[in-house]
Amino acid sequence: MDDFLARLNDQEQHRYQKTQRWRARGVNPYPLRVSRTHTARQTLDAFARGEALSGVQLAGRLIALREMGKLAFAHLQDGTAKIQLLFRKDAVGAENYATLVKDFDLGDFIGVEGEIVRTKTGEITLQVTRFELLAKTLSPLPEKWHGLKDTETRYRQRYLDLLSNEPVREIFVKRSKIITAMRTYLDEHGFLEVETPVLQPLYGGGAAEPFVTHHNKLDRDMYLRIADELYLKRLLVGGIERVYEISKDFRNEGIDFKHNPEFTMMECYQAYGDYTTMMTLVEELYAACSLAANGTLQITYQGHAIDLTPPWPRATMRDLILKTSGVDIYADADLPALRQRLAELNLKVEAKPTWGKQVDELFSVFAEPTLIQPTFVMDYPEEISPFAKKKPDTLCARVVERFEAFSLNMELGNAFTELNDPLDQYARFVEQSKQRDAGDKEAHPVDLDFIEALMHGMPPTGGLGVGVDRMVMLLTDQSSIREVILFPQLRT
RNA sequence: GGGGCGGUAGCUCAAUUGGCAGAGCAACAGCCUUUUAAGCUGUGGGUUCAGGGUUCGAUUCCCUGCCGCCUCACCA
């Protein structure tokens, strides 16, 4: 207790002394219950509509206090709005008025009762007849005018950020609306929401390094999931035809403005669909979420006007690479030929170990930056898509039915015509494990349990993954993922 | 991991060539019956991120470390 008090700075000491004065008067500075009849928003709206209100009881934080002798103006902020309060010494009594001035601080929770009036300047104001302390605040809140700007404090003490920066609060309100809209859309289209294991004996479903943990009683290592894919597909084997999960995935990789070690992913699978089904779904999903958050499909992202109205343009990866770099990946459909072509065209591209990765690199460097409006990029190399079916046409044997949607260098979604041939899937796993042996830490491990599931039959299926944090970034015009995650990972 | 910028009062920020560490808000003691970044008078408040070095003297210059932001690389 003494060491707690010793850590308080001078302002906190003053507030503590006030707390003790409340106690000395027999008042609990942290009372158990509150009586509240209206929110600030309800009060303002009702008065504006001309409804007569009396005996209004509000509860919230005292965020400003302007005292002038025998009267004081204040502002109370609750979760809905802020409203001005007027305290008159003659209305509340001299003794009570003195406690307001002496023993309340900015940030304290206060309960007030009174009549709604309009002041000289026209502001709707609660003229207080009675008030009480609801919770004493020991630490001062950030300064009202400049607010809280220090990025580190904003993230580490997000509650202060939410209190003093209204736009921050709005981002997280929008985030909630977006996720609700996503659920509503999927629910209304017959998808069943499920929960699959976060703690897994074998991770999979994506290219990433996992977090490893340990189960003591079982005495074995476990992994935090990097994707939901393989468990959701087991549910398709089990006869659930439309299924989705919105959940945290974990990837043990670098942290930057678009990567957080834990992030929110939506994955959904639709039996008897394919990747074109998923294209329709993803563009409709973005439209529904944008309407819910912004009321429009015309949004601005980092100064660019983006139109989310379906349908979005579609193009093959081959055509986009051809148009932007001059390389036809179907004509040079193996690594030596592709490398030779790059050399002939004098294209400066980092060398990659496989044709598929080289193609992906070409796409990232030349094509992806040109995609401003949301665009479906179709037909990816098989080597970087171990869960997608090969395309049936003979134009190029090395591509699969997969798309990613891009806008402004952001991936909006990733979908496949899902591979359901257990032998082919096994061969892909074996190929991945070779890349693993060759040093690729993100290559996929062989999952025999999943193969066994496929052996029991999975229907033809379209599957989609959407990074929810990235979607929220796009729909709230934020350039950093940390601005859309309440408590982003920082060094500790 | 490389490069750049930054860390000063509760908050937002200053500090000349290396020369007593400051302002506004907040706090404290007062005045004030229509304010709203209220106003006025007065007062207190600092491990200048941490540690080391150079110097008569370091917020300032040098080294190491911690933390944050930007950027490149890695990575989807």
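Letters A, B, ... are given to chains in the order of the sequence lines, protein chains preceding strands, and every chain is numbered from 1.
Contact between the side-chain N/O atoms of A/K70 and the OP1/OP2 oxygens of B/U33 is found at a separation under 4.0 Å. The side chain of A/R66 contributes no N or O atom lying less than 4.0 Å from OP1 or OP2 of B/U35. The phosphate of B/C28 has OP1 or OP2 within less than 4.0 Å of a side-chain N or O from A/K18. In this model, the phosphate group of B/G30 is approached by a side-chain N or O of A/K102 to a distance below 4.0 Å at OP1 or OP2. Between B/G68 and A/R156, a contact under 4.0 Å exists linking OP1 or OP2 to a side-chain N or O. In this structure, A/R482 reaches the B/C69 phosphate: one of its side-chain N or O atoms is under 4.0 Å from OP1 or OP2.
If you check distances only, the side chain of A/T125 never reaches the base of B/U34 with a donor-acceptor pair under 3.5 Å. For B/C75, the base has a donor-acceptor partner in the side chain of A/H259 [N/O atoms by modelled type, under 3.5 angstrom]. A donor-acceptor contact under 3.5 angstrom links the side-chain atoms of A/Q11 to the base of B/G10. Judged by distance alone, with hydrogens and angles left aside, A/Q84 brings a side-chain donor or acceptor within reach of the base of B/U35, the pair sitting under 3.5 Å. The base of B/G7 has none of its N or O atoms less than 3.5 Å from a complementary donor or acceptor on the side chain of A/D150. Donor-acceptor pairing under 3.5 Å, judged by distance alone, is present between the side chain of A/E67 and the base of B/C32.
Taking atom C1' in both B/G52 and B/G39, one finds a spacing of 50 Å when rounded to whole Å. The separation of B/U60 from B/G45, taken at their P atoms, amounts to 23 Å, rounded to a whole angstrom. Of the P atoms belonging to B/U48 and B/G7, the separation is 14 Å, rounded to the nearest Å. With both ends at atom C1', the span from B/G10 to B/C28 equals 14 Å, rounded to whole Å.
A cation-pi arrangement is absent between A/R402 and A/F416 under the rule of less than 6.0 angstrom and at most 45 degrees off the ring axis.
Relative to the side chain of A/M68, the nucleotides B/A26, B/C69, B/U33 differ in distance, and B/U33 lies closest. The listed nucleotides are B/C75, B/C28, B/U12; the one nearest the side chain of A/K352 is B/C75.
Side chain to side chain, A/Y275 and A/E418 fail the donor-acceptor criterion of an N or O pair below 3.5 Å. Under 3.5 Å, the side chains of A/T99 and A/R21 contain no donor-acceptor pair of N or O atoms. Remark: the A/D379 side chain and the A/T316 side chain contain no N/O donor-acceptor pair separated by less than 3.5 Å.
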